[in-house]
Amino acid sequence: MEVSEKDSRPLFPLALATAFGIGYVPVAPGTFGSAVGLLLWFVLPHSAAVQAAAIVLLFAVGSWSGSVAERHFRVTDPEPVVIDEVMGMLITLFLNPVGWVGALGAFLLFRIFDVIKPYPANRLERLHGGVGVMADDGMAAIYANIALRALLAFGDRVIW
């Protein structure tokens, strides 16, 4: 029996890399992936250990599934891969004492840093395979986390 090309697709790693299909949204898939990360942050226990474990797990799974997706789509950092944005939101919010308004601010900060990719984020995306897919968003998220901390330190904490 002949296996069709469709049947040979790596469905499970692609499902993970695309946040179970969210990455196939035709407009701004990274923004939708970030929204998935925001929802994941909301449902995870607000424990540093749990959130750190989720970040590490997402980095490992994203590196593997991102590599599979790059081979499948035959392009570096394919647009449907959004697991990096999911992880990025968790890093952005990590150890920041915010409610929903602050979380929405974190969402905006992460999207800005993810788009502009300041140094060294722009260099990290050159790393091989899925590690590069994940690392540049991880760095952008670290910048967003620091920016959020600065806003919390100097802003009105009641709003956040």
Side-chain angles (χ1 to χ4, degrees), residues 12-23 25 28-70 77-160:
F12 183 65
L14 288 178
L16 293 173
T18 63
F20 299 98
I22 295 297
V25 171
T31 299
F32 282 91
S34 297
V36 170
L38 189 59
L39 291 174
L40 180 59
W41 169 80
F42 178 72
V43 300
L44 281 176
H46 288 266
S47 151
V50 169
Q51 292 192 7
I55 290 166
V56 169
L57 180 65
L58 281 168
F59 186 85
V61 169
S63 294
W64 167 69
S65 65
S67 292
V68 172
E70 283 191 339
D77 201 355
E79 193 170 76
V81 174
V82 295
I83 193 169
D84 49 341
E85 277 86 7
V86 174
M87 177 199 69
M89 280 307 306
L90 292 184
I91 293 172
T92 299
L93 290 160
F94 187 64
L95 297 178
N96 275 310
V98 295
W100 269 107
V101 173
L104 291 174
F107 178 86
L108 292 173
L109 286 168
F110 174 64
R111 293 309 303 141
I112 290 167
F113 283 107
D114 188 29
V115 169
I116 63 173
K117 294 198 189 311
Y119 181 85
N122 59 353
R123 304 278 185 180
L124 293 173
E125 66 186 346
R126 298 179 190 168
L127 293 173
H128 180 71
V131 171
V133 171
M134 300 301 291
D136 69 312
D137 282 54
M139 190 70 233
I142 290 169
Y143 286 133
N145 181 293
I146 293 168
L148 181 59
R149 289 176 185 282
L151 288 172
L152 290 170
F154 298 112
D156 183 1
R157 292 178 186 255
V158 176
I159 294 173
W160 295 92

As an exercise, state the distance from CG of Leu127 to CG of Asp136, rounded to the nearest 0.5 Å. 9.0 Å
Which pair of heavy atoms, one from Gly33 and one from Val86, lies closest together, and at what distance? O-CG2, 3.4 Å
Within this structure, what is the CE-CD1 distance for the pair Met134 and Ile55, rounded to the nearest 0.5 Å? 10.5 Å
Shortest non-hydrogen contact between Ala121 and Ala140, atoms and distance: CB-N, 4.2 Å
Can you tell me how far OG of Ser34 sits from CG of Asp137, rounded to the nearest 0.5 angstrom? 7.5 Å
Using side-chain heavy atoms (C-beta onward) and a distance below 4.5 Å, is Gln51 in contact with Leu90? no
So Leu151 and Leu109, do their side chains get closer than 4.5 Å, heavy atoms only? yes
Do you know which two heavy atoms are closest between Ala35 and Phe107, and how far apart they sit? N-CE1, 3.5 Å
Asp114: side-chain hydrogen bond (donor to acceptor under 3.5 Å, both in side chains) partners, not counting sequence neighbours: Arg111, Lys117
Parallel, tilted or perpendicular: rings of Trp100 and Trp41 (30°, 60°): perpendicular
Could you go through Val131 and Phe59, starting from their C-alpha distance and side-chain angles, then the distance that decides it, and tell me whether this counts as side-chain contact (heavy atoms from CB on, under 4.5 Å)? CA-CA 8 Å; Val131 171; Phe59 186 85; 4.3 Å; yes
Just wondering, do Asp84 and Asp77 contact through their side chains at under 4.5 Å, heavy atoms? yes
Out of curiosity, Thr31 OG1 to Leu38 CG, how far, rounded to the nearest 0.5 Å? 12.0 Å
Drop me the distance from Thr92's OG1 to Ile146's CD1, to the nearest 0.5 angstrom. 10.5 Å
For a 4.5 angstrom cut-off between non-hydrogen side-chain atoms, does Val81 reach Glu70? no
Closest heavy-atom pair and its distance - Pro29, Val82: O-CG1, 3.3 Å
Is there side-chain contact between Phe94 and Asn145, with heavy atoms separated by less than 4.5 Å? yes
With a 4.5 Å limit on heavy-atom distance, are the side chains of Val36 and Ile83 in contact? no
Ala48 and Leu95: which non-hydrogen atoms are nearest, and at how many Å? CB-CD2, 3.6 Å
Output every pair passing ring-ring contact (aromatic ring centres under 6.0 Å, His included) with a member in residues 109-135, not counting sequence neighbours, ordered by first then second residue. Phe113-Tyr143
Under the side-chain contact (heavy atoms from CB on, under 4.5 Å) rule, what do Val115 and Ile112 come out as? Steps first, then yes or no, please. CA-CA 5 Å; Val115 169; Ile112 290 167; over 6 Å; no
Looking only at heavy atoms, which two atoms of Pro45 and Val50 are closest? And how far apart? CD-CG1, 3.7 Å
Rounded to the nearest 0.5 Å, how far does OG of Ser65 lie from CG of Leu58? 9.0 Å
Do the side chain of Ser67 and the main chain of Gly130 share a donor and acceptor less than 3.5 angstrom apart? yes
